[in-house]
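No experiment lies behind these values; they were computed from the predicted model shown. Lettering follows sequence order; numbering is per chain, from 1. The analysis underlying the following values was restricted to heavy atoms, covering all of them including side chains, and did not include hydrogens, waters or symmetry mates.
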There are 2 protein chains.
Amino acid sequence: MARNKREVDHDVKRGQIEDAACRLFLVDGYEATSMAAVAKAAGVAPNTLYWYFANKDDLLVAVLDRHVNQAIAQLATKQDQPLSTQLKWLLVEFQRTSRLVSTVHARMDRSDTIRVWHDRFHAMLDQMLVDRMVSKGMSRAKASVMATVGTYVVEGLLSHPHTSQQMDKVVLWLAGNDQL
Amino acid sequence: MARNKREVDHDVKRGQIEDAACRLFLVDGYEATSMAAVAKAAGVAPNTLYWYFANKDDLLVAVLDRHVNQAIAQLATKQDQPLSTQLKWLLVEFQRTSRLVSTVHARMDRSDTIRVWHDRFHAMLDQMLVDRMVSKGMSRAKASVMATVGTYVVEGLLSHPHTSQQMDKVVLWLAGNDQL
DNA sequence: ACCTGAACACCGTTCAAGT
DNA sequence: ACCTGAACACCGTTCAAGT
């Protein structure tokens, strides 16, 4: 008897649950965060989550979309800065979410929802990268290869330990070679 | 009252459990395979597994070592073949275990055992690649960067869907650029 | 439409007891 | 030293019942 039934808008409450999940998934990781923990942080009973999300993977997708949309929005404000700067900013930005990258790959073949999201994300990223390189004068054939290479190198850098020097060297090579 | 106590050697039985786990982890994936399923396939009670392995991650490490040792042994017999052939063989070989690659990355920060194994594996692979490129006349500085790039591109190819044409193009670029 | 307490099936792991 | 049945704590999810 308090905050239920229309006292709070559906989307607002859904957003509050996403807030809690967002925070916990980043700090503790997806697998280490139980639905019970998310519910507690959001101030609801565990099963209430299932009114707003079909399952835990669905909640993950909502969290992922938040991160991606935020990154895209912030990147848009940096379009006129040098490309190496943008690349480095993107790396630092995604480093915070590197655990989620691993989680997505691990859950892809257990959850259709996650696999669809993953494939869509890569299609979008790939198109973005190819278009940029083509507009810089690179042939579409080469741009296609370099987009794939660039994506996987960044993913690898994110999910493996590195000295910042080694990382800088690789980013430098990438920026020079890709003509991003 | 049958196959217990010294009737079967410790290491042999441990190997039989690894056999079962190896098969199930590849077919169903690590997370989808319960310890109960491994035990059943090996013909023992679930808790018997814990006499031979400290926990599920320990069992995974044993399975991973099997795959790696097998791959190294087979690769050794191909040392005189062209490098692009070797690279392609390695890709196909590891493609069978691509789910385990994702699993290792996802479990790294929950399990010390897995993280240690992962870091060791990359150190070994990196040294192998760098040595080979240096022996082909590449500077150590460039070889270091290219080893990192090559490793991550291969990891990316393994864990993402691709047309075989796109994969061939990237491998070709890699073989040409790396001077592996 | 929204929320909940209680339950379900499953999981990795442990324990006490056996040989 | 090796093996087991039974139990434990936890998990994602569901159900019946409430407002």
Side-chain angles (χ1 to χ4, degrees), chain A residues 1-18 20-21 24-25 28-63 100 103-104 106-114, chain B residues 1-18 20-21 24-25 28-63 100 103-104 106-114:
Chain A
M1 64 303 241
R3 69 195 107 61
N4 58 339
K5 211 164 184 194
R6 274 303 95 103
E7 195 172 305
V8 180
D9 180 71
H10 178 98
D11 292 349
V12 171
K13 186 130 191 196
R14 195 182 144 106
Q16 289 169 354
I17 295 172
E18 285 175 16
L24 289 171
F25 287 176
D28 300 328
Y30 175 78
E31 295 181 13
T33 303
S34 67
M35 290 297 264
V38 174
K40 193 173 180 184
V44 295
N47 41 3
T48 299
L49 301 183
Y50 291 88
W51 183 261
Y52 293 92
F53 300 92
N55 49 45
K56 199 181 176 186
D57 287 310
D58 239 50
L59 181 54
L60 176 58
V61 164
V63 168
L100 293 186
T103 300
V104 166
R107 291 206 59 74
M108 258 191 345
D109 55 334
R110 300 206 65 188
S111 157
D112 274 348
T113 319
I114 301 293
Chain B
M1 64 305 241
R3 68 193 107 61
N4 58 339
K5 210 163 185 195
R6 274 303 97 103
E7 196 173 303
V8 180
D9 181 72
H10 178 97
D11 293 349
V12 171
K13 187 133 191 194
R14 196 182 142 105
Q16 288 168 357
I17 295 173
E18 285 175 15
L24 289 171
F25 287 175
D28 301 328
Y30 175 80
E31 294 181 13
T33 303
S34 67
M35 290 297 263
V38 174
K40 193 173 178 184
V44 295
N47 39 5
T48 298
L49 300 184
Y50 291 89
W51 183 260
Y52 294 92
F53 301 92
N55 48 46
K56 199 182 176 185
D57 287 310
D58 239 51
L59 181 54
L60 176 58
V61 164
V63 168
L100 293 185
T103 301
V104 166
R107 292 206 60 73
M108 256 189 350
D109 55 333
R110 301 207 63 190
S111 157
D112 274 348
T113 317
I114 301 291

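Between B/Ile17 atom CD1 and D/dT4 atom C1' the separation is 14 Å, expressed in whole Å. Residue B/Asp58 contributes atom CG, which lies 15 Å from atom P of C/dG12 at whole-angstrom precision. Protein atom NZ of B/Lys56 is 19 Å distant from nucleotide atom P of D/dC10, rounded to whole Å. Taking atom OH on A/Tyr30 and atom C1' on D/dC11, their separation rounds to 12 Å, with Å as the unit. What separates CE of B/Met35 from P of D/dA7 is a distance of 21 Å, to the nearest Å. When rounded to the nearest whole Å, the span between NZ of A/Lys40 and P of D/dC10 equals 12 Å. Atom CZ in A/Phe53 sits roughly 13 Å away from atom P in D/dT13 (whole-Å rounding).
Considering only side-chain N and O atoms, B/Tyr52 lies under 4.0 angstrom from the phosphate OP1 or OP2 of D/dC3. One finds no side-chain N or O of A/Trp51 lying less than 4.0 angstrom from the OP1 or OP2 phosphate oxygen of C/dC3. Under 4.0 angstrom from either OP1 or OP2 of C/dC3 there lies at least one side-chain N or O belonging to A/Lys13. Dashed line: the shortest gap from a side-chain N or O of B/His10 to OP1 or OP2 of D/dC2 is under 4.0 Å.
Closest approach of A/Ile17 and A/Tyr52 over heavy atoms only: CD1-CD1, 3.7 Å.
The partner of C/dC10, taking Watson-Crick or G-U wobble pairs whose two distances both stay under 3.5 Å, does not exist in any strand shown. Look at D/dT19: its Watson-Crick or wobble partner, with both distances under 3.5 angstrom, is C/dA1.
The closest side-chain heavy-atom distance from B/Thr113 to B/Leu60 is not below 4.5 Å.
A distance of 5.0 Å separates CZ in A/Phe53 from CG in A/Leu59, rounded to the nearest 0.5 Å.
Side chain of B/Lys56 to main chain of B/Tyr30: a donor-acceptor pair is present (N/O by atom type, distance under 3.5 Å, no hydrogens or angles).
Across all strands shown, A/Ser34 has heavy atoms under 4.0 Å from sugar-phosphate atoms exclusively, and none from any base.
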